[in-house]
2 protein chains.
Amino acid sequence: MHHTCDPALRSFVDVAPDSPFPIQNLPFGIFRPADGGDARVGTAIGDKVLDLGALEEEGFFQGPHLRGRKVFRRDALNELMALGRPAWVEARERISELLRSDHAELRDNVPLRGRVLLHHKDVRMQLPARIGDYTDFYSSREHATNVGIMFRGKENALMPNWLHLPVAYHGRASSVVVSGTPLHRPCGQTLPAEADAPVYGPSRLVDIELEMGFLVGGPATELGQRVPVEKAEQHIFGMVLVNDWSARDIQKWEYQPLGPFLAKNFGTSISPWVITLEALEPFRCEGPAQDEVQPLPYLRSSGARTWDIELEVGLKAARMAEYHTICRSNFRHLYWNVSQQLAHHTVTGCNIHPGDMMASGTISGPEKSSYGSLLELTWRGSEPIALPDGQERKFLQDGDSIVIQGFCRKGDHRIGFGEVEGTILPAI
Amino acid sequence: MHHTCDPALRSFVDVAPDSPFPIQNLPFGIFRPADGGDARVGTAIGDKVLDLGALEEEGFFQGPHLRGRKVFRRDALNELMALGRPAWVEARERISELLRSDHAELRDNVPLRGRVLLHHKDVRMQLPARIGDYTDFYSSREHATNVGIMFRGKENALMPNWLHLPVAYHGRASSVVVSGTPLHRPCGQTLPAEADAPVYGPSRLVDIELEMGFLVGGPATELGQRVPVEKAEQHIFGMVLVNDWSARDIQKWEYQPLGPFLAKNFGTSISPWVITLEALEPFRCEGPAQDEVQPLPYLRSSGARTWDIELEVGLKAARMAEYHTICRSNFRHLYWNVSQQLAHHTVTGCNIHPGDMMASGTISGPEKSSYGSLLELTWRGSEPIALPDGQERKFLQDGDSIVIQGFCRKGDHRIGFGEVEGTILPAI
């Protein structure tokens, strides 16, 4: 059998050269046919969606880990996630086989192809998982440093704990939404500059955060069970793009001493397709050196424990025709990798469930053009971004749309995350 | 029909005078028969548990809101919670009727009684709900002030935002456990005094937090929908006792700038019986005056928006025979009431689901004997608690058990929450 990442593999389904979804990708997502019908699991191939729920019902998954399981006719990936990596690999290999140009089984079954291969425009994507708990890390040194300089000055930019542990906080799971869900500008309490009492009203400093997140897979762990750093990837199903919308003025007033709360819980947008670690394998790389402060043994990881994922953020004001790129960054900039994040999260014995999401925190790179939030890009609003039509932006205006895209490339081999998009509607 | 809170109501089931569960209480919980069988919903009456799942199957719930619903043969209260208050009241009134001494239907049906009334010792209680999101407030002025004095001095004890909004943070839902679940002492990273680098190991400062929590009920709200303060109680199903175990040394090192994370996620214990707002109605009272700083209109509430609930914390070291009371407090001390908490939580449009839990934060009263954490009771360990057998406690030792009890009383009328109990096992 060919390796499912082999750049030479081709599908009988046409895939444009710039498509995020060649046969080497095979992400998992949840879709509903636009003309009705239940939600089910699919994979993306070019501009098509392959209905894995229908294939499962017709008996196409008979390997040892999937036979008799009902994991694809579901409205969330949690049941597939719970089965663990051997089942994910089995599914991937079988789907790869079914889509290959040199494999006749699906290729030559025209009626079946008609039923199970839908145009992307004929489906509606949903949230890929029931997210039990959502954790947000703060793992970009550049981001933490930038924010630190703005709020505490250059000397104390990084908190004393930052190089010793992956700082994180628990987020709100209920308000995680799928790409394309518009969000109303949140209302809340803020303390205007010079004011001696807070006021209520729409946030004036709505921001984005360019993040990625991983979704936990494998059987739920028991309370008290630690996930060692070297085994952490066994508990990771795949990754998505994340826009962690943030109301900076609400955050500034509320966050002492227990951290961000309402500033973040009005919505967190994620991309619909979960890219598996199998698909990301060819793009593994090492993260930043951690020799300035050596992590404690439970956090020490070696080798290529992260991935080279190019990231772009586009902004489109209501009257603009196209997105304007405001940031180019890369997942590999993150100081703390996902294995370290998961090892840290569970070091107290905190239990994890399939479908839990752990996001990276804002992914800022070293150059200004790679900063992952408007807060940093405009340096707290002091250096507005010029848009092509002459407008300026310090923070988001009503009607502004944001799109985050992510992709990996190596020569001709390119796989993508697709995008996470969202628009800020007026406050209600 | 008698009012279900009428102190004159009596059940044909014997109820001891000091039982937390007279017929006026009728809490909801999830149990599993100790000798096997599926989990289902029950209510507590004296030292018995009434199997509501069995009664539902036999057609005992035929009112307009419950007829045809299957909400009691479930392993969580979420389906009942989602129906909303009219259904909860209908269930309560019907259960009250069935248990009344002057109502023959169940009283005189001996075979049925044998099937549906179980001894509490013959059942195992489970978590009452699938908790989607868990939020922890910080609503006791006395607690926030005590902690503030210890960490920042008397002048800056309360943060500037504290009297303006109910400070809160998102907690970890996966590690909420039911009373009786032992917890291992968590391991993690701490910075010992005088040390210049953190160390890894078992927490040495494991603490308790005396809290209560409410469980959200009613249909899920939409993202963008605010719950107004005056309608907030419509979205509250009932209340439980909460012990928010805390590792103070881990917390101190990790919590800047994003708040508590691992210090709290190794376990949060709750009592198994959810006491409804209907049962609490006779014990309504006003909370502390909020005239020093008037809340913004969206947070302004008037009238008796809280409840007089007496709370006690007992500690039992491994070799002690009985619990020693270390704290007596009262829910009414809380500065911010549950309606204000929920209105604040949703002011940004954050959506809520039935089964979400929102805890109060540590409930400390004005006197030292009413402080709800060891941190405050021992003033950071500087004034150890003397136990009856001559031992001292600054923080919890391995083998220490903690029990929190809560009850309301007014003359002879007394209803209780039962208890939440937990033991700290050695680190693993």
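Letters go in sequence order (proteins before strands), and every chain restarts at 1. Source: prediction; values computed, not measured. Any value given below was found using the heavy atoms of this structure, including those in side chains, with hydrogens, waters and symmetry copies removed.
- Between chain B and the options A/Gln189, A/His184, A/Lys264, the largest number of non-hydrogen pairs under 4.5 Å is found for A/Gln189.
- Residue A/Pro160 touches chain B through both its backbone and its side chain, counting heavy-atom pairs closer than 4.5 Å.
- Annotation: maximal heavy-atom pairing with chain A below 4.5 Å, among B/Gly171, B/Ala263, B/Gly148, occurs at B/Gly171.
- A/Asn243 places no side-chain N or O within donor-acceptor distance of the main-chain N or O of A/Glu211, the cut-off being under 3.5 Å.
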**Request:** Please test B/His143 against B/Tyr138 for ring-ring contact (aromatic ring centres under 6.0 Å, His included), starting from the C-alpha separation and ending with a verdict.
**Result:** CA-CA 8 Å; B/His143 172 67; B/Tyr138 189 58; 5.5 Å; yes

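- Ranked by non-hydrogen atom pairs under 4.5 Å with chain A, the options B/Trp253, B/Tyr169, B/Phe151 are led by B/Trp253.
- Both the backbone and the side chain of A/Leu262 come within contact range of chain B, with heavy atoms under 4.5 Å apart.
- Looking only at heavy-atom pairs under 4.5 Å with chain A, the residue among B/Asp356, B/Thr346, B/Leu191, B/Val177 that has the most is B/Asp356.
- For chain B, the nearby part of A/Leu183 is the side chain; its heavy atoms alone come within less than 4.5 Å.
- Neither the backbone nor the side chain of A/Leu425 comes within contact range of chain B, judged by heavy atoms closer than 4.5 Å.
- For the residue pair B/Trp245 / B/Ser269, a side-chain donor-acceptor distance below 3.5 Å is found, with atom types taken as modelled.
- Within the 4.5 angstrom heavy-atom criterion, no atom of A/Ser203 approaches chain B.
- Counting heavy-atom pairs under 4.5 Å between each of A/Pro297, A/Cys187, A/Ala220 and chain B puts A/Cys187 at the top.
- Counting only N and O atoms by type, the side chains of A/Thr145 and A/Glu142 include no donor and acceptor under 3.5 Å apart.
- Counting heavy-atom pairs under 4.5 Å between each of A/Val147, A/Ile428, A/Val347, A/Leu258 and chain B puts A/Leu258 at the top.
- Note that CZ of A/Arg185 and CZ of A/Arg204 are 10.0 Å apart. Values are rounded to the nearest 0.5 Å.
- Only the side chain of A/Leu299 comes within contact range of chain B, with heavy atoms under 4.5 Å apart.
- Residue contact with chain B, scored on non-hydrogen atoms closer than 4.5 Å, involves the side chain of A/Arg226 exclusively.
- With hydrogens and angles ignored, the 3.5 Å screen pairs a side-chain donor or acceptor of A/Ser174 with a backbone N or O of B/Asn351.
- Considering only heavy-atom pairs separated by less than 4.5 Å from chain B, the leading option among A/Pro198, A/Gly132, A/Ala247, A/Gly349 is A/Pro198.
- Neither the backbone nor the side chain of A/Asp136 comes within contact range of chain B, judged by heavy atoms closer than 4.5 Å.
- Of the listed residues B/Val293, B/Asp133, B/Val167, the one with more heavy-atom pairs under 4.5 angstrom with chain A than any other is B/Asp133.
- In this model, no donor atom of one side chain and acceptor atom of the other lie less than 3.5 Å apart for A/Glu421 and A/Ser179.
- For A/Trp336 and A/His344, the ring centers are positioned 6.0 Å apart or more.
- Of the listed residues (A/Pro260, A/Gly267, A/Gly224), the greatest number of heavy-atom pairs within a distance under 4.5 Å of chain B belongs to A/Pro260.
- Counting only distance, with no hydrogens or angles, the side chain of A/Ser175 and the backbone of A/Asn265 share a donor-acceptor pair below 3.5 Å.
- Under the 3.5 Å distance criterion, with hydrogens and angles disregarded, a donor-acceptor pair is assigned to the side chains of A/Glu209 and A/Thr362.
- For B/Leu223, the part lying under 4.5 angstrom from a heavy atom of chain A is the side chain only.
- Ring-centre distance between B/His170 and B/Tyr134: not below the 6.0 Å cut-off.
- Only the backbone of A/Val199 comes within contact range of chain B, judged by heavy atoms closer than 4.5 Å.
- In this structure, the portions of A/Tyr200 lying under 4.5 Å from any heavy atom of chain B include both its backbone and its side chain.
- Of the listed residues B/Arg172, B/Glu254, B/Arg130, the one with more heavy-atom pairs under 4.5 angstrom with chain A than any other is B/Arg172.
- No side-chain donor from either of B/Glu230 and B/Ser339 sits under 3.5 Å from a side-chain acceptor of the other.
- For a residue to count as touching a neighbouring chain, one of its non-hydrogen atoms must lie under 4.5 Å from one of that chain's; by this rule A/Leu165 touches chain B with backbone and side chain alike.
- For the set B/Pro202, B/Pro186, B/Ala168, B/Ala427, the count of heavy-atom pairs under 4.5 angstrom toward chain A peaks at B/Ala168.
- If you take CD on B/Gln251 and OG on B/Ser246, they are separated by 5.5 Å, rounding to the nearest 0.5 Å.
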**Request:** Go through A/His345 and A/Thr135 one step at a time and tell me if the side chain to side chain contact (heavy atoms under 4.5 Å, CB included) criterion holds.
**Result:** CA-CA 9 Å; A/His345 202 311; A/Thr135 301; 2.7 Å; yes

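- Only the side chain of B/Ile250 comes within less than 4.5 Å of a heavy atom of chain A; its backbone N, CA, C and O stay farther away.
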